[in-house]
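Only this structure's heavy atoms are used, side chains among them; waters, hydrogens and symmetry mates stay out.
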Amino acid sequence: MRTFEDINADIKASIEISDADALLRLAEELDGLETLQSKGAAGRAVGWALYCRGNFSQALDHMRRALSIYESIDDCSNIANASGAIGSVLYSLSDYPGALSYHNRALALYEELGDRRGVARTLGNIGNVHAITGDYQACLDHLQRSLKLHEELGNPSGVANLTGNVGNFYNLTGNNDLALEHFRRALAIYEQLGDRSGVAFVTTNMGNAYWSIGDFPAALEHFRRARSISEDIGDRDAAARVIGNIGVVYEGSGDYPLALEHFRRSLELLQDIGNRSGAALAVGNIGDVYFRTGNYPEALEHHYRAMAMHEELGEPRRVAVITCKIGNLYNSTGDYPAALDHYRRALTMYEDLDDHAGSAEVICNIGVVYENTGDYEVALDHYRRALELRGEGGNRGFTSVLHSNIATTLLKLNRHVEASLLLEKQDVAGIDDPTIRAEYHRNRATLSEYEGDLEAAGEHLHRALALVKNIGARAETADYHKALRDLALKQNSLADYVEHNNEYQRITEEVNGRDTATRLAMQAKQREIDAREREHAQHMAVLHSTLPKNIADRVARGETVNDHYEYASVLFLDIVGFTAISDIIPPGHVVHLLSQIFSTLDEICKGHRVTKIKTIGDSYMAVAGVPDVLEDHAQRAALCAADMLSALNALVISMPPELGDTSWIQDVGEIKVRIGLHCGPVTAGVIGTERLQYDVWGDTVNVASRMESTGEPGRIHVSEAFADALRSAPYHNFTLTERGTIDVKGKGAMMTYWLEGA
């Protein structure tokens with residue numbers, strides 16, 4: 001039998017190259033050793049194997065069990081490893097605050113241990129989280145620090161990964177040349193290492209970069225290669241995402257049935273593996289296809305659904321993208337005020353993110369609204385601002401759109417010489433989007449007609465007509481028939497005039513009827529969406545008023561909340577003699593007195609990030625370290641308890657004047673409480689169906705309750721386990737006085753302490 005050290009070394013190597021099969025075999029090999037350390041390593045290996053295969057929820061369970069084992073044996077190095085692994089899984093599950101929390105914990109431990117490789121890896125992971133949440137400066141800072149460390153350490157796998165991530169950053173912020181430069185460098189390293197997962201990762205990103213510059217054939221070639229590798233190695237998450245990317249290429253080239261097929265397949269896979277961020281993108285992509293094919297109500301439905309998902313996940317850039325797409329919908333249906341409203345909101349979001357590429361696209365769209373409403377000079381100003389912001393060397397497709405828009409507007413302003421010079425520079429040969437090429441030919445036709453070359457004008461219009469007919473763009477098809485009809489009149493061609501006029505009238509009647517139906521359907525869909533959003537907002541308001549926010553969000557997503565926490569601190573507080581107090585005050589005053597006391601305690605809990613669980617009569621229960629995992633849970637609970645005593649000692653009881661006589665306040669005197677504290681493992685979850693309640697269970701809760709009931713008025717009674725946790729606290733000096741051994745119901749003799757100062 002091999003030693004644990006040998007097997008663990010193989011696990012580290014297999015994690016580096018994402019070899020899921022090897023990790024599962026190594027986990028089985030560890031099972032025979034039957035030590036806590038081997039069990040922790042086996043759990044981490046299985047977790048990584050499941051992660052590589054896209055089974056994120058199951059991966060998270062194994063990672064958390066591994067972390068619990070490492071914490072029980074105080075193995076700091078592996079606590080850091082497991083924390084970082086959990087952060088990576090939470091990132092894939094779109095829990096970005098959770099991912100940052102675990103990655104920051106791992107980073108602190110690696111820095112304390114002097115593990116530079118761990119620091120480098122974790123800095124890169126933190127950078128990726130900042131990228132998706134829109135904090136681009138923090139993203140680049142972390143990625144560059146990580147890359148520099150990997151280079152200093154001579155770690156080729158880490159250098160490849162971070163080089164690819166820096167490339168992603170440049171692609172995201174519109175610097176395609178720098179992005180491709182980094183991707184090619186990363187690809188060369190991955191291929192040299194034989195890391196197929198890495199090759200698939202960077203090949204996908206290269207496809208994205210080629211798509212961004214309008215090179216659809218190169219994008220498709222790279223996406224297909226990445227899909228083949230991902231499916232071959234069993235990485236369902238990567239395969240699902242690249243299938244969606246292939247759909248984007250088909251959409252851009254006008255093959256909408258194939259695009260829709262790929263988007264739906266991608267959505268199905270992403271939902272199956274629990275990748276909510278990817279699923280939101282897929283929903284938005286499906287909305288794009290409906291928009292392109294004129295099914296605006298379905299497009300609106302999908303875009304609102306996608307926007308809600310991105311908002312819930314905290315993805316501001318993607319919210320901006322969807323907001324702009326909704327503006328496009330309203331622009332296409334002639335609702336220009338609504339279009340401008342959405343564009344301006346999207347522009348504000350992009351400017352907040354310092355995203356020049358996104359800002360340029362929105363400014364271009366605002367220009368389209370002004371062009372549609374006949375304000376050509378303002379439209380021209382917006383197009384030129386967008387071109388200046390995006391740069392001539394950016395996305396070729398987008399640059400070509402801007403050139404077409406500028407040329408069209410110049411022609412409408414009868415500035416033919418300027419338009420001609422611009423069209424001479426415009427290159428549509430490498431552009432796959434048929435609508436861009438059609439608009440180019442339309443502008444060439446206008447110029448040819450102005451120059452008196454009616455035959456050339458007709459050739460350009462026929463090319464444009466063929467392009468839009470091929471993708472089923474009915475309104476554009478009618479426009480080109482009308483242009484050809486008018487040209488035939490100038491050429492004295494009666495047969496051509498009749499042919500194009502008949503087609504124009506037939507399609508126009510069809511489109512007008514469809515447009516009327518579409519506007520009515522859009523209005524109905526908007527009312528439906530508004531009603532659903534109001535209902536959802538009311539539902540979420542109720543959930544947030546009764547449950548912690550992140551727990552409420554999980555319940556709203558349909559999750560069953562049943563979590564285990566290895567370490568948490570439970571606080572119980574009871575008002576001494578409250579039965580006697582309630583006997584001497586009017587019944588209507590009791591509720592106000594309790595409300596004043598508990599509201600004071602609620603504010604103190606918020607200040608210490610301690611979670612209130614419930615009140616039972618005149619008792620109050622709270623917990624630190626649940627649902628947010630906190631290393632300093634004991635310190636927070638102790639400080640919270642001390643502040644509760646101080647606040648209640650200084651509490652001035654007051655009652656609303658309308659309740660009448662309050663002379664009883666003098667008879668009550670000071671409000672005295674007993675507080676008990678204990679720490680250990682707990683289970684937390686949501687119970688009930690109609691009236692939901694977040695609760696905590698376990699022996700730790702029972703012991704904390706016993707600490708309170710066996711305590712004394714005005715004092716904080718704590719268990720030995722809690723006292724030990726405070727003694728190890730690095731930031732606070734707590735005064736603990738030994739009470740001695742007492743008999744605790746259900747537990748027998750226990751050593752306990754008074755917490756005297758914090």
Side-chain angles (χ1 to χ4, degrees), residues 3-20 22-31 33 35-53 55-56 58-93 95 98-129 142 145-146 149-150 153 155 157-158 161-162 165 195 197-198 564-567 629 631:
T3 65
F4 169 76
E5 288 72 20
D6 291 337
I7 301 171
N8 200 41
D10 286 347
I11 287 175
K12 289 180 180 178
S14 299
I15 290 173
E16 287 285 340
I17 61 172
S18 304
D19 190 338
L23 287 167
L24 291 174
R25 288 195 301 271
L26 292 165
E28 289 180 6
E29 194 173 351
L30 282 173
D31 287 341
L33 299 181
T35 66
L36 282 175
Q37 198 172 41
S38 66
K39 288 180 180 177
R44 192 160 67 96
V46 173
W48 272 117
L50 292 166
Y51 174 80
C52 292
R53 291 179 173 176
N55 296 325
F56 301 134
Q58 293 179 44
L60 190 61
D61 290 340
H62 286 274
M63 299 290 196
R64 280 179 167 160
R65 281 198 286 271
L67 177 61
S68 176
I69 292 170
Y70 290 137
E71 287 174 336
S72 71
I73 58 177
D74 200 27
D75 183 343
C76 290
S77 177
N78 278 314
I79 290 172
N81 288 336
S83 296
I86 291 171
S88 295
V89 178
L90 290 172
Y91 172 84
S92 295
L93 287 167
D95 182 354
L100 270 182
S101 174
Y102 276 96
H103 283 319
N104 281 322
R105 181 187 184 192
L107 181 62
L109 286 169
Y110 283 132
E111 289 176 334
E112 186 179 322
L113 293 164
D115 184 344
R116 298 177 73 214
R117 184 180 287 256
V119 169
R121 183 173 61 249
T122 308
L123 283 170
N125 290 334
I126 292 172
N128 291 337
V129 178
H142 282 82
R145 286 170 59 196
S146 176
L149 259 179
H150 280 300
L153 292 165
N155 176 17
S157 178
N161 180 264
L162 263 297
N165 286 341
D195 184 345
S197 176
H564 177 75
Y565 297 84
E566 197 60 35
Y567 295 103
V629 176
E631 290 187 48

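- With hydrogens and angles ignored, the 3.5 Å screen pairs no side-chain donor or acceptor of S101 with any backbone N or O of G98.
- The line from OG of S146 to CG of L162 is 3.0 Å long, rounded to the nearest 0.5 Å.
- How far CG of L123 is from CG of L107: 5.5 Å, rounded to the nearest 0.5 Å.
- Shown here for L149 and A120, the closest heavy-atom pair between the two residues is CB-CB, 3.6 Å.
- Looking only at side-chain heavy atoms (C-beta outward), L113 and S77 come within less than 4.5 Å of each other.
- The structure places CG of N155 at 4.0 Å from CZ of R117, a figure rounded to the nearest 0.5 Å.
- Using a 4.5 Å cut-off on side-chain heavy atoms (C-beta onward), E566 and L67 make no contact.
- S83 places a side-chain N or O within donor-acceptor distance of the main-chain N or O of I79, the cut-off being under 3.5 Å.
- Two residues are said to be in side-chain contact when any heavy atoms from C-beta on lie closer than 4.5 Å; T122 and I126 meet this criterion.
- Distance check, rounded to the nearest 0.5 Å: CG of N128 to OG of S92 gives 10.0 Å.
- Residues T35 and S38 are in side-chain contact: their nearest non-hydrogen atoms beyond the backbone lie under 4.5 Å apart.
- From I73, atom CD1 reaches atom CG of N78 across 7.5 Å, with rounding to the nearest 0.5 Å.
- Screening residues 102-111 for salt bridge (charged side-chain N to carboxylate O under 4.0 Å, His left out) gives E71-R105, R105-E631 as the qualifying pairs, with residues at least two apart or on separate chains.
- Considering only heavy atoms from C-beta on, S88 comes within 4.5 Å of H103 through its side chain.
- Remark: the backbone N or O of S157 is not paired with any side-chain donor or acceptor of N161 at under 3.5 angstrom.
- Between L109 and C76, the shortest heavy-atom distance links the atoms CD1-O, 4.3 Å.
- What you find for G87 and A99 is that their closest heavy atoms are O-CB, 3.3 Å.
- What you find for A80 and A106 is that their closest heavy atoms are O-CB, 3.4 Å.
- The closest side-chain heavy-atom distance from N81 to Y70 is not below 4.5 Å.
- Using a 4.5 Å cut-off on side-chain heavy atoms (C-beta onward), Y91 and N125 make no contact.
- Judged by distance alone, the side chains of Y110 and R121 do bring a donor and an acceptor atom under 3.5 Å apart.
- Rounding to the nearest 0.5 angstrom, the gap separating the NZ atom in K39 from the OG atom in S72 is 10.0 Å.
- Considering every non-hydrogen atom in both A45 and L23, the closest pair reads O-CB, 3.7 Å.
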